[in-house]
2 protein chains.
Amino acid sequence: MKKNLTLKQIAKELEVSVSTVSKALKNSEEISESTRQKIQAFAKLYNYKPNNIALSLKNRKTKTIAVIIPEIVHHFFAMVISGIESVANKSGYNVIICISNESYEREVINIEMLASGSIDGFIISLAKESQEKKDYHHIKEVINQGMPVVMFDRVTREVYTDKVIIDDVLATQEAIQFLLSKQRKDIAFITTPDYISVGRLRTEGYTKMLLQNDIEINEDLIVRIANEEELITQLEHLFDTQKFNALVAVNELYAVAALKIALKRGIKVPDELNIIGFTDGIISQHSTPAISTIKQNAFKMGEISAKLLINKLEEENEHEHYITEVIGTELLHRETTSL
Amino acid sequence: MKKNLTLKQIAKELEVSVSTVSKALKNSEEISESTRQKIQAFAKLYNYKPNNIALSLKNRKTKTIAVIIPEIVHHFFAMVISGIESVANKSGYNVIICISNESYEREVINIEMLASGSIDGFIISLAKESQEKKDYHHIKEVINQGMPVVMFDRVTREVYTDKVIIDDVLATQEAIQFLLSKQRKDIAFITTPDYISVGRLRTEGYTKMLLQNDIEINEDLIVRIANEEELITQLEHLFDTQKFNALVAVNELYAVAALKIALKRGIKVPDELNIIGFTDGIISQHSTPAISTIKQNAFKMGEISAKLLINKLEEENEHEHYITEVIGTELLHRETTSL
DNA sequence: GTGAAAGCGCTAACAC
DNA sequence: GTGTTAGCGCTTTCAC
């Protein structure tokens, strides 16, 4: 139960001053070769490690960044974190992860807690509830304090800061275009309520593309899932009441649920029904048939978010100049689309 | 770009001393009602927040705990984290997550980095490589320094500390017993090499149970996956060369891969082949047919790990007394087992 | 070459 | 009631 060694202790032990020890360990020219060696040897022997907290207090930086995500048991977010971790570690940063659990309150608490000194910057994806409330004062506040913030995926126009997103409208349009090119014009669309930015944008891509092709929008083909518990019921209702030969879902959970219902009803996939999901996660990969999907490059999204943040943290002159990076997507054909 | 307010600044502004401010904000009886109110009002107005780093340095505790896991894009670990987060937050602790990426080196680096002051305690699940190397000096070292450590799932006998595990042997035995009770005696077993503790224990459960029932072990029915890239090849080989009417896999990835191959070969599941996996994740839930599984209660595992750690952190008298909590499992029947 | 001293932001024992 | 002081562990300027 030996406590961690401090400079003071080394100094005492070696009968020199604290500052000498500090300099010697930094290999400062000021200190004579011999004392330097003596001190370094001692420090090594007793495995001296500088206390990070003291360094943070002194330097006014903690070398850690915080990630606030709505949910972790989710392939997309797990991949983003993986990407963040990977670049953060390379630059010597630690990563703190906090889960808002889609709750506005938890988002606020986490951010306020961390904002007071514990971290150097935030990477945030908004909780559903915050988007619903449209209340972003907590984020604006930390930005005002001069703390860099990067938002990804679930972002909002109301906050000025760096953002990393995919072009949801375009990505959806590409998927719809593909289906249309195969003469599949009755396309069901499973999405979220419009207050979720990504859901809204994807729905926009869907309607835009149909209109561009002079196809009338059938509102009954658009299913908005507000509550995941009603996912199955709402999908069953869709299958009961509508005719369609293709289906696009804004995430893989909705896609696989739809696939499952189709299979149960003996609908042949992909012959009678094409299915395209979003998020290239393990569900899509491992279902049978494997689901064709719009790949969002979550890992890359994490990497870029972290890079943007670290750039802001390390650049000298802080010009107020924010960018929004748009990550490319790709349509990945597997077994639920017919080529 | 206002920097964070400090006690000093408040003191100056209000022409009192720093300690008066400190006490006033703590509602100390020592300070007169009027100055207390004045100071509190001012602090509130300018949104004063104490600097966590300074507090940590002072108190020698950071109120944050670190979780080191091998992999985050994995339902089991994501759920464990969720559980840890949930109890940590309730007790006012922050959670730092670091990913060892199954690498011994990254595990060592992360632990050493955090051990120097940044955190109060660790929750660790070992990287494959560390288990392979059997090198745990980095963990023993932090424990020696007096830092509490809780290990979960991938643990080792060589380190004395609190642990949270499932009874892998027993859990596997129950699965095997179920299959035997249905007269399925040719059971393939997809596992990891023996240096992964959970793989070894589950294999032990498998052989034990068969022997208990006087069934000879057919080594060719046991497939050890050392490298996930060869998963498919090895499984194909199994299906090519062996006859079996049941299959148990030590994780859901192996289970779904086996299911997929079976389906491709036109083998009827569950009629001709029963499949049971470990880990009740989204893969098992959403595959068609949905995979029966041994549920590990990952969330609970996280909760208990966090509780054990926080107890250690907050108890006064530190008696060297370690416990190993065994979490119950349950066999969850879905569509790949016949009842 | 080496060391004393100040300071990062906060607390607490001890004066006054 | 309020303020002074020392100290958490470290760095850095400035004396010696």
Side-chain angles (χ1 to χ4, degrees), chain A residues 2-40 42-43 46-63 113-120 145-147, chain B residues 2-40 42-43 46-63 113-120 145-147:
Chain A
K2 49 176 189 234
K3 273 287 152 219
N4 264 333
L5 199 56
T6 69
L7 287 191
K8 201 173 168 184
Q9 288 164 30
I10 301 184
K12 195 172 161 197
E13 208 65 42
L14 264 38
E15 298 184 308
V16 290
S17 81
V18 176
S19 52
T20 306
V21 179
S22 171
K23 287 171 193 160
L25 290 177
K26 298 206 120 52
N27 243 320
S28 159
E29 295 291 320
E30 271 182 67
I31 307 298
S32 74
E33 185 62 28
S34 68
T35 33
R36 236 190 292 169
Q37 294 221 331
K38 187 175 66 180
I39 291 172
Q40 291 186 2
F42 186 92
Y46 291 102
N47 191 26
Y48 168 76
K49 298 256 176 47
N51 179 313
N52 284 330
I53 293 291
L55 287 179
S56 299
L57 184 57
K58 187 77 189 161
N59 303 333
R60 273 86 167 309
K61 56 176 77 159
T62 61
K63 279 282 197 178
M113 181 171 200
L114 293 170
S116 26
S118 317
I119 60 144
D120 296 343
Q145 275 172 32
M147 174 146 332
Chain B
K2 50 177 188 230
K3 272 286 151 222
N4 263 333
L5 197 56
T6 69
L7 287 191
K8 202 173 167 183
Q9 289 165 31
I10 301 183
K12 194 172 162 196
E13 208 65 43
L14 262 40
E15 299 184 307
V16 290
S17 81
V18 177
S19 56
T20 306
V21 179
S22 172
K23 286 172 192 158
L25 291 177
K26 297 206 124 49
N27 242 321
S28 158
E29 295 292 319
E30 274 182 65
I31 308 298
S32 75
E33 185 61 29
S34 66
T35 34
R36 236 190 293 170
Q37 295 221 329
K38 187 175 64 181
I39 291 172
Q40 292 185 2
F42 186 91
Y46 290 102
N47 192 25
Y48 168 76
K49 298 255 176 50
N51 179 313
N52 284 331
I53 293 291
L55 286 179
S56 298
L57 184 58
K58 185 77 190 161
N59 302 332
R60 273 86 168 306
K61 56 176 74 159
T62 61
K63 278 284 198 177
M113 179 171 203
L114 293 170
S116 26
S118 317
I119 59 145
D120 296 343
Q145 274 173 33
M147 172 145 336

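Naming: A, B, ... by sequence-line order, numbering from 1 per chain.
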Donor-acceptor pair, side chain of A:Thr62 and main chain of A:Ser118, under 3.5 angstrom = yes
A:Asn52 (side chain) donor-acceptor with B:Gly117 (main chain) under 3.5 angstrom: no
Original post:
So does B:Lys23 reach the base of D:dG3 with its side chain, donor to acceptor, closer than 3.5 Å?
Top reply: yes
### Query
What about A:Lys58, does its side chain sit under 3.5 Å from the base of C:dG7 through a donor-acceptor pair?
yes
Below 4.0 angstrom from OP1 or OP2 of [N], is there any side-chain N or O of [X]?
{"X": "A:Ser56", "N": "C:dC8", "answer": "no"}
{"X": "B:Arg36", "N": "D:dG1", "answer": "no"}
{"X": "B:Thr6", "N": "C:dC8", "answer": "no"}
{"X": "A:Tyr48", "N": "D:dC10", "answer": "yes"}
{"X": "A:Lys61", "N": "C:dC8", "answer": "no"}

* Asked: CD of B:Glu29: more than 12 outside heavy atoms within 6.0 angstrom?
  -> no
- Message: If you count heavy atoms of other groups shown closer than 6.0 angstrom to NZ of A:Lys49, is the number above 12?
- Response: yes
To the nearest Å, how far apart are [X] [atom1] and [N] [atom2]?
{"X": "A:Asn4", "N": "D:dG9", "atom1": "CG", "atom2": "P", "result": "10 Å"}
{"X": "B:Asn51", "N": "C:dG7", "atom1": "CG", "atom2": "P", "result": "18 Å"}
{"X": "B:Arg60", "N": "D:dG7", "atom1": "CZ", "atom2": "P", "result": "13 Å"}
{"X": "B:Ile53", "N": "D:dC8", "atom1": "CD1", "atom2": "P", "result": "18 Å"}

So if I take every side-chain heavy atom of [X] and compare against [options], which nucleotide ends up nearest?
{"X": "B:Thr20", "options": "D:dT2, C:dC10, D:dC10", "answer": "D:dT2"}
{"X": "A:Glu30", "options": "D:dC10, C:dG3, C:dT11", "answer": "C:dG3"}
{"X": "A:Ser22", "options": "D:dT12, D:dG9, C:dT11", "answer": "D:dT12"}
{"X": "A:Ser17", "options": "C:dC8, C:dG3, D:dC8", "answer": "C:dG3"}
{"X": "B:Ser19", "options": "D:dG9, C:dT11, C:dA12", "answer": "C:dA12"}

Report task. Looking at every strand, decide which applies to B:Leu55 at a 4.0 Å heavy-atom threshold: base, sugar-phosphate, or nothing. Result -> sugar-phosphate
The residue, A:Asn59 or B:Thr35, whose nearest nucleotide of DNA chain D is more 5′ is B:Thr35
Exercise for review: Check whether any side-chain heavy atom of B:Thr6 lies under 4.5 Å from a side-chain heavy atom of B:Asn51, and answer yes or no.
Suggested key: no
